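Structure first, then comments.
Values reported hereafter were calculated over all heavy atoms of this structure, with side chains retained and with hydrogens, waters and symmetry mates removed. Residues: numbered from 1 along the sequence shown. For clarity, every value in this text was computed on a predicted model and none was experimentally measured.
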Amino acid sequence: FVKCMDDLPCLPIRRMGRPIRSVAMATERMPITRLLVIRHGQSEWNAAGRWQGRADPPLTTEGRRQAAAAARVLGSFDAIVSSPLQRAAETAAVIVEHLGIGPVLTEPDLMERDAGEWQGLTRAEIEMDWPGFLEHGERPPAYEPDGVMLDRVLGALRRVADRAREAGGEILVVAHGGVVYTLEEACGEPWRRIPNLGGRWFEMTNGELTAGPRVSLVSDGTLPDVL
């Protein structure tokens, strides 16, 4: 079961939708690389409603179940790459075990956005200490800037694509909600919350990153209380 999250017909999991928008990267020609970038399964802090940032809580039992369910609807991939944070690495490990591929490659620049002073806080705690910030889209001083995060995430995907340079191919990227949001914004997509084990296809070719459709790999993916 694959649930499409755009107002588009549902597509098989291994097929790209028609490109929506793109962000220019390098100009050197290269084979097409398709990347399915997904959010990890439910973590302990997702369940508790705490903003994670660079903190490293593990998956819940539900998160591991979600990862196994996702693996059952995924086709084969040429490689699987993960953020080094435990919640993403555990999700990738469960998927690899079910798909029989591997090893999982680790890319540090796929880590979640640094949440600064908000790391570990609930929405209620943020509202208490920073009233009105969430409502008006404001962030604390040590929150990782958009441009910094975009540069490192695009750099990570460029390195991932370089690994598949000769044959192109399809790569599963297990990362974080903030990573998906950052790539979507760069491609001109409107912001919408993404559940655990939700994600989006991207295509890298001729120096451009193009956004395909959003997908949800589980029918009952949990939606964390904070981003």
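Put simply, CD1 on I95 and CD on E90 are 12.0 Å apart, with the number rounded to the nearest 0.5 Å. The line from CZ of R87 to CH2 of W45 is 9.0 Å long, rounded to the nearest 0.5 Å. Taking NE2 of H40 as the start and CG of L59 as the end, the distance is 8.0 Å to the nearest 0.5 Å. From S76, atom OG reaches atom CG of L172 across 11.0 Å, with rounding to the nearest 0.5 Å. We find the CZ-CD1 distance between F77 and I101 to be 7.5 Å, quoted to the nearest 0.5 Å.
The closest side-chain heavy-atom distance from S82 to E107 is not below 4.5 Å. In this structure the side chain of Q86 never reaches within 4.5 angstrom of the side chain of P57, judged on heavy atoms. Using a 4.5 Å heavy-atom threshold, the side chains of L121 and W130 count as touching. Under the 4.5 Å side-chain criterion, counting only non-hydrogen atoms from C-beta, S43 is in contact with Q52. No side-chain heavy atom of I32 sits under 4.5 Å from any side-chain heavy atom of M204. L110 places a side-chain heavy atom less than 4.5 Å from the side chain of V173. Residues R200 and E184 have side chains in contact (heavy-atom distance under 4.5 Å, counting atoms from C-beta outward). Contact annotation: the side chain of L74 approaches that of L217 to within less than 4.5 Å [non-hydrogen atoms, C-beta and beyond].
Side-chain atoms of S216 come within 3.5 Å of backbone atoms of V218 as a donor-acceptor pair (strictly under, hydrogens ignored). Proximity of a side-chain donor or acceptor of T91 to a complementary backbone N or O of G41 within less than 3.5 Å is detected. Listed for the R39 side chain is a donor-acceptor partner under 3.5 Å among the backbone atoms of I194. At distances below 3.5 Å, at least one donor-acceptor pair connects side-chain atoms of D78 with backbone N or O atoms of E170. A distance-only check finds no donor-acceptor pair linking the side chain of D162 to the backbone of R159 [under 3.5 Å]. Panel note: side chain E97, backbone V94; no donor-acceptor pair is recorded below 3.5 Å. Of the possible polar contacts, none joining the T222 side chain to the N196 backbone as a donor-acceptor pair under 3.5 Å is found. The closest donor-acceptor contact from the side chain of R152 to the backbone of M111 lies under 3.5 Å. Using modelled atom types, one side-chain atom of E117 and one backbone atom of A142 make a donor-acceptor pair closer than 3.5 Å.
Hydrophobic clustering (side-chain heavy atoms under 4.5 Å, transitive across Ile, Leu, Val, Met, Phe, Trp, Tyr) groups F202 together with V81. Hydrophobic clustering (ILVMFWY, side-chain heavy atoms < 4.5 Å, transitive): V104 and L36 are in one cluster. Note: the hydrophobic cluster containing L85 does not contain V174 (ILVMFWY, side chain heavy atoms under 4.5 Å, direct or indirect links). Residues F133 and M128 do not share a hydrophobic cluster, clusters being chains of Ile/Leu/Val/Met/Phe/Trp/Tyr side chains in contact below 4.5 Å.
The minimum heavy-atom distance linking A88 with A175 is given by the pair CB-O, 4.0 Å. Pairing each heavy atom of V148 with each of E144, the nearest pair is CG1-OE2, 3.7 Å. Between W201 and R34, the shortest heavy-atom distance links the atoms CZ3-CB, 3.9 Å. The two residues R54 and E112 have their closest heavy-atom pair at NE-O, 2.7 Å. Scanning both residues, R192 and R214, for their nearest heavy atoms gives O-NH2, 2.6 Å. Taking all atoms of both residues into account, the shortest heavy-atom contact from R50 to G120 is NH1-O, 2.8 Å.
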Report the C-alpha separation of T122 and E127 in whole Å, then their side-chain angles, then the decisive distance to 0.1 Å, and conclude whether the side-chain contact (heavy atoms from CB on, under 4.5 Å) test is met. CA-CA 9 Å; T122 64; E127 289 288 3; over 6 Å; no
Steps toward side chain to side chain donor-acceptor pair (under 3.5 Å) verdict (Q42, T60): CA-CA 6 Å; Q42 185 193 60; T60 61; 2.7 Å; yes
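Using the six-membered ring where Trp is involved, W51 and Y143 have ring planes that are perpendicular, over 60° apart on the 30 and 60° scheme.
Under the 3.5 Å distance criterion, with hydrogens and angles disregarded, no donor-acceptor pair is assigned to the side chains of E203 and T210.
Residue L154 forms a side chain to side chain contact (heavy atoms under 4.5 Å, CB included) with just one option from L209, T182, D109, and that option is L209.
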